[in-house]
Each structure stands twice: as structure tokens, then as C-alpha cells.
J.: 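The following block contains the structure, expressed as C-alpha cells.
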Protein chains: 2
Amino acid sequence: MYHSKETVTGPTAEICERIWLSIAEKRLRPGARLKEEQLAEIFEVSRARVRQALSVLESDGLVTIVPNRGAFVAEPGVDEARDVFHVRKQIEARVVERLIDRITDAQIPLLQAHLSKERQADQRGDTSAIIRLSGGFHLLLAELAGSDFLFGILRDLISRSSLITAMYRSRHLHNCGPDEHAALIEHISARDKPGATQIMLNHLQHVEDELDLTAEAPTTRDLRQALV
Amino acid sequence: MYHSKETVTGPTAEICERIWLSIAEKRLRPGARLKEEQLAEIFEVSRARVRQALSVLESDGLVTIVPNRGAFVAEPGVDEARDVFHVRKQIEARVVERLIDRITDAQIPLLQAHLSKERQADQRGDTSAIIRLSGGFHLLLAELAGSDFLFGILRDLISRSSLITAMYRSRHLHNCGPDEHAALIEHISARDKPGATQIMLNHLQHVEDELDLTAEAPTTRDLRQALV
DNA sequence: ATAGACAATATTGTCTACATTTTTGTAGTC
DNA sequence: GACTACAAAAATGTAGACAATATTGTCTAT
């Protein structure tokens with residue numbers, strides 16, 4: 001599923017965005033039930049639109065829909081979490097390689113501008129903005145790499161990463177340190193392909209290392225599996 | 001969207017399947033309009049279900065939905081076509097590497113069984129089955145590679161590849177020769193990672209080479225772009 | 001007292017009717 | 001005669017109502 005480069009506009013996307021933010025900021029816990037009528041009332045839209053939004057979020061891996069039961073915030077297991085980070089390293093490595101092949105000098109300031117926004121949000125302590133901008137940096141790299149398809153894949157990967165981070169992070173958030181982004185920009189500007197790739201891989205490894213993926217069985221709705 | 005490993009069941013999926021087949025077999029041309037009411041009448045289902053199916057097909061990149069205008073069979077441009085094949089080579093190379101790391105001897109017969117089905121369909125001249133099984137082989141590799149995420153990506157890539165093939169193929173179809181699949185199984189069985197990867201890349205290159213991607217502007221609905 | 005069956009409630013799934021938007025056809029005017 | 005403005009028709013978007021299903025609570029029989 002992979003969506004086009006532009007973010008889908010319209011009221012459906014707004015619902016998705018708000019639910020996504022609530023999940024990323026941990027106001028909605030994994031496993032939380034998402035009643036359609038309740039959401040329709042909160043967002044002041046029809047149930048049909050809520051169903052549409054939930055369907056999109058399901059394809060993004062953020063919610064799980066059980067037929068005749070309803071929608072729940074997804075609870076990615078440790079296996080899925082490792083899978084996501086494994087694939088993400090491979091994808092982002094390709095993004096960096098392709099980006100260095102294609103980026104022009106005129107585009108470098110775009111990266112720096114984004115970075116400064118990240119630093120400002122960091123100083124303000126604006127959690128919501130930090131989360132959005134951290135992912136946005138990686139998406140910007142993919143966009144400049146010039147492959148709509150890689151962009152779509154990364155969009156999906158980042159959504160899932162956010163949920164996984166919200167679910168498994170052990171300490172403070174430090175979602176994506178701006179410092180590592182700065183170092184990445186340096187090497188990209190210098191067209192240092194091996195160096196930039198290595199920094200990206202280290203960066204993603206750091207994010208993963210802050211998670212507690214020690215086979216701790218996540219809370220599940222399947223009580224049989226949880227209690228027996 | 002990346003869907004779970006199992007194909008979505010239910011009546012919606014059936015609609016998707018039939019539309020997809022019509023596209024893959026060239027009975028629906030790229031750019032063809034898909035009126036909701038018409039589809040509802042043909043499949044003898046409600047319009048709501050048709051809308052749902054079209055929404056899924058859009059996220060798979062097979063149809064384009066223009067707000068307040070309707071749904072059309074997608075018309076991937078040459079740039080998008082090249083992008084899909086470029087990414088597909090990278091993804092499938094990773095799939096093969098990972099598969100060789102994980103596959104057990106007990107799983108090899110699964111590949112051979114699939115191959116024999118392909119050969120049977122080939123002898124029967126069953127176009128519909130050939131198209132489905134050719135893609136299915138690549139999906140089977142991804143499934144055995146053990147990454148749900150890579151599987152989902154490949155599912156999307158193969159859908160789009162089918163549409164691109166239907167749109168741009170110049171000569172006979174030869175969608176995915178079973179012979180190259182056979183050679184691939186050989187090298188996978190022998191755990192020859194570089195060899196298998198190379199065969200996969202050559203295989204995909206052959207498929208791409210049969211297309212006519214010579215900047216021939218595809219028919220577009222945007223007349224302004226087509227005529228000015 | 002407990003286990004099983006039955007009924008009540010709540011939630012999702014589906015369909016049909018209505019509103020909005022776009023397109024096409026027509027008439028009027030310059 | 002051609003262009004513009006308006007009106008009618010068709011298709012999509014939206015909302016509300018109804019049906020199917022699962023869960024929860026209660027009652028009865030053992």
C-alpha cells in the first residue's frame with residue numbers, strides 16, 4: 001500500500017493524523033479499544049468516515065481490526081518490532097545511497113532548514129512537534145531521493161516505528177537526536193556514501209537500543225496465551 | 001498498507017481479485033473508467049462494497065481515485081514503472097539473502113511444488129493461472145524469508161508490476177519464465193547467496209527488458225498535459 | 001452452589017436514500 | 001455565428017436506519 005508522495009488530504013486524513021498523534025504521544029495505549037461511535041462523536045464526523053480512517057490506519061499497521069469485534073490500537077510483538085527495524089535499516093541505507101546519487105547542492109539547505117526546526121522544537125520541549133519532525137526528517141531524505149515507492153515504504157515503516165517506540169521505550173524519549181541528523185547532513189553534503197550509510201545505520205541502531213525488546217510478552221487481548 | 005500475511009478474505013477481496021485479474025489480462029485498459037454503480041450491478045453487490053474494494057485497489061496502486069470524479073484504472077508513467085522495477089530489484093535481492101539464511105531443507109519441496117504448478121499452467125496455456133502463479137512464486141519466497149514486512153512490500157510491488165507489464169509489454173507475454181524460477185531454486189537449495197541473488201536480478205531485468213519503456217508518453221486523462 | 005442455557009444489551013456490518021459536485025446540454029445575447 | 005450563462009442529468013460523497021453478531025447478565029436445573 002503504498003500511497004503517493006503527497007499526504008492524503010481531506011477530512012479522513014485529519015482523523016488519521018489525530019489518532020496517530022494520540023498513539024505516538026502515548027495518550028492511547030496499545031490494545032486500547034477504539035469504538036466507532038465514540039470516535040465519531042469526538043471528531044464530530046459520521047461513523048462512515050471513522051470506519052474509513054480506521055481502515056487506513058489498519059493498513060498502516062497502527063490499529064488492528066477484528067471482524068465483528070471492533071478496532072484496537074495495535075500491539076506489535078517483539079518479533080514484529082525487530083522485523084520493522086531490520087527492514088528499516090535496509091530501506092534507509094538504500095535511501096541514503098540513492099539520495100547521494102541524486103541530491104543537488106541547491107537542496108542541501110532544505111535539510112538544514114528542517115534540522116533547525118527540529119532544534120527549535122527540542123528547545124521548546126514541544127513533544128508533539130519533536131515526534132512529528134523526527135520522522136519528517138527521514139521522510140524528507142526519502143523524498144529527495146526521488147523514489148515515490150521508497151518514500152511510501154518509509155512512511156509506513158516510520159508509522160510503525162513510532163508505535164513500537166511508544167510501546168517499548170524504557171527510558172526518556174530521545175526519539176531521534178538532532179545531533180545525529182546533523183552528522184548525517186554533513187556526510188551527505190560531502191557525498192560520502194559509505195560514511196553517510198554507516199551513520200544512518202548507527203543512528204537507527206541507537207533508536208532500537210533504547211527499546212526494551214527483551215522478550216517481555218506485551219499485554220495481549222488473547223488471555224489464553226497470556227495466562228496459560 | 002501493509003496487510004497481514006494472509007490474503008484478506010471475504011466478499012470485498014473477491015471484487016478486488018476480479019478487477020485485478022481483468023486488469024492483468026488486459027480486459028480493462030489503463031485509464032478506463034470504473035463507475036461504481038456499474039460495478040455494483042455487474043458483481044451484484046451494493047455500491048458501498050464496491051467503494052470499499054476500490055479504496056483497497058487504490059492503496060495497491062492499481063486504480064486512481066479522483067475526488068468527486070470517480071475511479072480509473074491507474075496509468076503508471078514510465079518514471080513510476082522504472083521506479084517500481086528499481087525498488088523491486090533491491091527488495092527481492094534482500095528477500096533472497098534472507099531466505100537463504102533461514103530456509104530449511106524441509107521447505108525446499110514447497111518451492112518445487114509451486115514450480116510444477118507453474119509448468120502445468122504453462123502447458124495448459126492458462127493465462128489467468130500463469131499470471132497468478134508467476135507472482136505467487138515471488139511471494140512464496142518472501143513468505144519463507146520470514147519477514148511479514150518484506151512480504152507486504154513485495155505484494156504491493158508485484159501488483160504494480162502486473163499493471164505495468166500489462167501496460168507496456170511489447171511482445172508475447174512470457175511474464176515470468178518458469179525456467180528462471182527453476183534455476184533460482186537450484187541456487188537457493190545450494191545456499192549459494194551471491195549466485196541466487198544474481199539470478200534474481202537477471203530474472204527481473206529480463207522481465208523489465210521485455211517492456212517498451214522508451215519514453216512513449218502514455219495516454220493520460222490530463223488533456224492539458226497531453227496537448228499543450 | 002455451580003454449570004449450562006437463555007435473554008438482554010451493546011457494537012459492528014450493511015444497505016438504502018439523500019445531498020453535493022461535476023459534467024453536459026441548451027438557450028440567449030453580443 | 002460564437003461565446004457565456006444557466007439549467008438539467010449523472011455520478012460521487014455522506015448520513016442515517018436496519019440487520020447481524022458478540023458479549024454480558026440472569027435464571028433454572030442439577
Side-chain angles (χ1 to χ4, degrees), chain A residues 3-4 6-19 28-29 31-59 62-75 219-227, chain B residues 3-4 6-19 28-29 31-59 62-75 219-227:
Chain A
H3 336 76
S4 66
E6 304 91 28
T7 304
V8 181
T9 78
T12 303
E14 194 184 336
I15 314 284
C16 292
E17 186 79 9
R18 288 179 65 177
I19 295 178
L28 275 174
R29 289 187 309 182
R33 180 152 193 190
L34 302 170
K35 294 185 191 175
E36 296 180 354
E37 200 168 350
Q38 201 173 330
L39 292 171
E41 192 180 345
I42 292 172
F43 295 128
E44 294 177 348
V45 297
S46 75
R47 245 187 68 207
R49 194 169 283 285
V50 170
R51 284 177 69 81
Q52 204 173 330
L54 288 176
S55 175
V56 172
L57 288 171
E58 186 197 24
S59 74
L62 264 73
V63 314
T64 304
I65 295 180
V66 183
N68 292 321
R69 291 284 311 279
F72 305 83
V73 177
E75 298 174 289
T219 58
T220 174
R221 274 183 314 290
D222 189 354
L223 287 185
R224 190 171 186 178
Q225 188 179 356
L227 298 177
Chain B
H3 337 74
S4 66
E6 303 92 29
T7 304
V8 181
T9 79
T12 303
E14 193 184 338
I15 313 285
C16 291
E17 186 79 10
R18 288 179 64 176
I19 295 179
L28 276 174
R29 290 187 309 183
R33 181 152 191 192
L34 302 170
K35 294 185 190 174
E36 296 180 354
E37 199 168 350
Q38 200 173 332
L39 292 171
E41 192 180 345
I42 292 173
F43 296 128
E44 293 177 348
V45 296
S46 74
R47 244 187 67 208
R49 193 169 285 285
V50 170
R51 284 177 70 80
Q52 203 173 328
L54 288 175
S55 175
V56 172
L57 288 171
E58 186 196 24
S59 74
L62 264 72
V63 315
T64 304
I65 294 179
V66 184
N68 293 323
R69 290 285 310 280
F72 304 84
V73 177
E75 298 174 292
T219 58
T220 175
R221 271 184 316 289
D222 190 353
L223 288 184
R224 190 172 186 178
Q225 187 181 355
L227 299 177

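Within every chain, numbering begins at 1; the chains are lettered A, B, ... in the order of the sequence lines, protein sequences first and strands thereafter.
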J.: To the nearest Å, give me how far apart CG (L34(A)) and P (dT12(C)) are.
T.: 9 Å
J.: Check side chain to side chain contact (heavy atoms under 4.5 Å, CB included) between R33(B) and all other residues, then give those that pass, not counting sequence neighbours.
T.: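 In terms of side chain to side chain contact (heavy atoms under 4.5 Å, CB included), with neighbours along the sequence ignored, R33(B) is linked to K35(B), F72(B).
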J.: Just verifying a value: how many Å separate L34(B) CG and L57(B) CG, rounded to the nearest 0.5 Å?
T.: 8.5 Å
J.: In whole angstroms, how far is the P atom of dT12(D) from the CG atom of L54(B)?
T.: 9 Å
J.: Return the set of residues passing salt bridge (Lys or Arg N to Asp or Glu O under 4.0 Å) with R29(A) (not counting sequence neighbours), or none when no residue passes.
T.: none
J.: What distance do I19(B) atom CD1 and L62(B) atom CG have between them, rounded to the nearest 0.5 Å?
T.: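 Interatomic distance, I19(B) CD1 to L62(B) CG, rounded to 0.5 Å: 9.5 Å.
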J.: For R47(A), which residues count as a side-chain hydrogen bond (donor to acceptor under 3.5 Å, both in side chains) partner, sequence neighbours excluded?
T.: E36(A)
J.: Tell me the interatomic distance from E44(A), atom CD, to dA15(D), atom C1', rounded to whole angstroms.
T.: 15 Å
J.: Nearest 0.5 Å, what's the CD1-CD distance between I15(A) and E44(A)?
T.: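 I15(A) atom CD1 to E44(A) atom CD measures 10.0 Å (nearest 0.5 Å).
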J.: Dump every N/O contact between nucleotides 6-11 of chain D and the protein below 3.5 Å, one line per pair.
T.:
| unit_1 | atom_1 | unit_2 | atom_2 | d |
| --- | --- | --- | --- | --- |
| dA11(D) | OP1 | K35(B) | NZ | 3.2 |

J.: How does protein contact run along nucleotides 14-20 of chain C, one letter per nucleotide 5' to 3', with B for base contact, S for sugar-phosphate only, - for none, heavy atoms under 4.0 Å?
T.: BS-----
J.: Can you name the nearest heavy-atom pair linking L28(B) to V73(B), along with the distance?
T.: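 Of all heavy-atom pairs spanning L28(B) and V73(B), the closest is CB-CG2, 4.3 Å.
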J.: With Q52(B), which residues qualify under side-chain hydrogen bond (donor to acceptor under 3.5 Å, both in side chains), at least two apart?
T.: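 Q52(B) satisfies side-chain hydrogen bond (donor to acceptor under 3.5 Å, both in side chains) with no other residue.
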